[in-house]
There are 2 protein chains.
Amino acid sequence: MRRPLIRKLEKFTRLSQADKNMLAKIGGQRVRRFSAREDIIHEGEKPEYINLINEGWACRYKTLEDGRRQIIAFFLPGDLCDLNVFILKEMDHSIGAVTPVVISEISRTAFDEMMMGHPRITQALWWESLVAAAIQREWTVNLGQRDALERMAHLLCELFIRLEAAGCTSDSSCEFPLTQTELGDTLGMSTVHVNRTLQELRASNLIVLKDRTLTIPNLKALQSVALFNANYLHLDHEGTHLDANEE
Amino acid sequence: MRRPLIRKLEKFTRLSQADKNMLAKIGGQRVRRFSAREDIIHEGEKPEYINLINEGWACRYKTLEDGRRQIIAFFLPGDLCDLNVFILKEMDHSIGAVTPVVISEISRTAFDEMMMGHPRITQALWWESLVAAAIQREWTVNLGQRDALERMAHLLCELFIRLEAAGCTSDSSCEFPLTQTELGDTLGMSTVHVNRTLQELRASNLIVLKDRTLTIPNLKALQSVALFNANYLHLDHEGTHLDANEE
DNA sequence: GGGCGACATTAACATAGGTAAGGTTGCGGC
DNA sequence: GCCGCAACCTTACCTATGTTAATGTCGCCC
């Protein structure tokens with residue numbers, strides 16, 4: 001639970017002690033806290049820092065002129081919001097806290113310093129950003145091709161597996177702070193239909209969702225109704241095993 | 001039309017002659033041609049090169065087990081497919097030619113060399129990849145929140161503006177090679193509904209689409225039915241104007 | 001010049017999912 | 001102990017979009 005970024009990056013590669021120290025230092029600097037539903041950065045602002053989520057859930061979202069809102073991504077502990085964002089003149093979307101959140105701001109100079117001195121970390125961050133892009137693509141597939149039940153199941157599988165990689169699950173359960181409205185804004189469906197869909201998943205014993213806790217008794221089964229294939233998360237890397245001779 | 005990548009990157013920053021030479025060299029190496037509908041790389045393969053589209057249209061797509069297909073992105077002249085892909089063990093999706101296509105393969109070493117020696121290019125490529133990510137996010141919004149008419153209009157606006165930035169439009173027209181089936185696979189709708197939607201846009205004089213040529217007589221009007229806001233393309237950069245003292 | 005395949009079009013019907021409205025529960029504040 | 005509010009749940013009804021299938025059009029090959 002501590003240092004979720006280090007834990008996550010080690011899914012990809014073995015890090016030296018110096019690398020870990022660097023990451024720990026970065027994660028301990030410029031710490032900020034936000035309460036649930038507060039905006040971390042808003043569309044139109046100039047991005048000055050890369051945000052690293054240390055604790056809690058955040059989300060990217062975008063609002064259309066007429067008020068419709070789409071949640072575009074979730075940030076879980078250990079996730080980074082856009083390497084190098086500061087290149088852009090202004091944010092084209094907002095980032096908001098879903099739960100109370102603790103983040104570290106990474107400045108341009110700190111980022112450059114890290115990229116220069118730590119090739120292992122550089123590689124690992126590239127990997128993390130390629131995975132983030134892959135997740136975004138999978139959301140496109142999800143919204144374009146899957147029906148409501150598959151879509152919901154797919155989201156739950158993805159979040160659960162990502163939380164697992166960040167060390168935020170215990171057994172087959174995890175905290176699950178999203179309201180049905182937020183699920184609707186994520187999956188492009190009405191709250192009524194979110195509710196119907198959750199009921200259906202519950203009735204099939206595919207999920208238990210109560211008191212902000214999600215339990216997935218049979219992940220394989222849920223994956224199968226979701227047509228979920230974890231390849232896009234690129235977690236199956238041999239890194240941890242093959243490079244075990246190092247350190 | 002020649003060197004669409006250079007043309008595109010100059011929307012972001014001014015490049016030195018050395019930078020341009022470098023980009024021209026990269027674009028002239030390892031050139032490959034594909035015919036329409038041929039796969040450039042397939043899901044499951046190991047990515048070895050960054051593909052740069054020199055001519056023609058390509059697309060990313062993903063197929064579900066049961067055959068449903070989602071087009072995830074279009075690559076137009078000047079577009080790069082995933083900086084640093086070679087970090088990943090295998091492709092989680094396929095890239096296919098839409099029209100006959102000419103690409104350049106950029107090897108890991110050529111890429112690293114370019115990143116080391118040309119900070120201007122490095123910056124510009126970061127910008128290009130941040131924009132690609134922003135486009136992917138906008139597609140999420142599109143599929144999640146907009147209805148069929150808005151969705152179609154939005155896609156047409158985006159493609160037109162991107163083609164313009166690549167120098168592939170003339171006046172208010174451009175080549176438009178997509179079939180209605182491909183539009184359907186992109187927008188998550190049936191071909192029948194694609195057809196209805198196009199008819200509706202034609203009836204409102206928002207588009208003329210015939211013989212693989214698209215004309216948008218009034219882009220503002222089309223943008224307005226699409227709730228299209230071009231911010232996410234980050235083209236409004238001052239680069240070209242303010243840095244005009246250089247070279 | 002006839003036939004075939006890819007694409008576009010149209011119509012008739014079916015359904016997943018949206019909308020509107022209202023009810024229940026639980027909780028923090030006073 | 002009750003008010004107010006947010007989340008959740010439910011029902012009834014409606015509509016955007018999917019499905020199926022028939023038909024049209026065009027270019028291309030033998």
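Residue numbers start from 1 in every chain, and the chains themselves are labelled A, B, ... in the order their sequence lines are given, proteins ahead of strands.
Residues A:His193 and A:Arg196 have side chains that bring a donor and an acceptor to within less than 3.5 angstrom of each other.
In this entry the distance linking CG of A:Leu149 with C1' of C:dG17 reads 13 Å, nearest Å. Across the protein-nucleic acid pair, A:Gln199 atom CD and D:dT11 atom P stand 10 Å apart, rounded to whole Å. The nearest whole Å value for the distance from the CE atom in A:Met189 to the P atom in D:dA16 is 19 Å. Atom CZ in A:Arg196 sits about 10 Å away from atom C1' in D:dT10, given to the nearest Å. Atom CG in A:Leu201 sits roughly 13 Å away from atom P in D:dC9 (whole-Å rounding). In this structure, the CG atom of B:Asp185 is 12 Å from the P atom of C:dC7, given to the nearest Å. In this structure, B:Asp147 places its CG atom 16 Å from P of C:dG17, rounding to the nearest Å. Straight-line distance from the CD atom of B:Glu182 to the P atom of C:dC7: 7 Å, rounded to whole Å.
Across the interface with DNA chain C, nearest-nucleotide mapping of A:Val192 and A:Ala148 shows A:Ala148 to be the residue nearer the 5′ end.
Picking from D:dT17, C:dT10, C:dG18 the nucleotide with the shortest atom distance to the side chain of B:His193 gives D:dT17. With D:dT17, C:dA20, C:dG17 as the candidates, the nucleotide lying closest to the side chain of A:Arg151 is C:dG17. Listed nucleotides D:dT11, C:dT9, D:dC9 differ in distance to B:Gln180; the shortest reach to its side chain belongs to C:dT9. With C:dA8, D:dA7, D:dT20 as the candidates, the nucleotide lying closest to the side chain of B:Asn195 is C:dA8.
Residue contacts shown for B:Gly188 are limited to sugar-phosphate atoms, with no base heavy atom under 4.0 Å away. Counting any heavy atom pair closer than 4.0 Å across all strands shown, A:Arg212 reaches sugar-phosphate atoms only and no base atom. Residue contacts shown for B:Arg202 are limited to sugar-phosphate atoms, with no base heavy atom under 4.0 Å away. At the heavy-atom level, B:Thr179 lies under 4.0 Å from the strands shown only through sugar-phosphate atoms.
Around the CZ atom of B:Arg33, the shell of radius 6.0 Å holds no more than 12 heavy atoms that belong to other residues, nucleotides or ligands.
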**Q.** Test log, rule side chain to side chain donor-acceptor pair (under 3.5 Å), inputs A:Glu48 and A:Ser107
**A.** CA-CA 7 Å; A:Glu48 308 277 10; A:Ser107 69; over 6 Å; no
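None of B:Thr63, B:Thr181, B:Asp185 except one satisfies the side-chain hydrogen bond (donor to acceptor under 3.5 Å, both in side chains) rule with B:Arg69; the exception is B:Asp185.
Classified by interplanar angle (parallel below 30°, tilted 30° to 60°, perpendicular above 60°), the ring pair B:His154/B:Phe228 is tilted.
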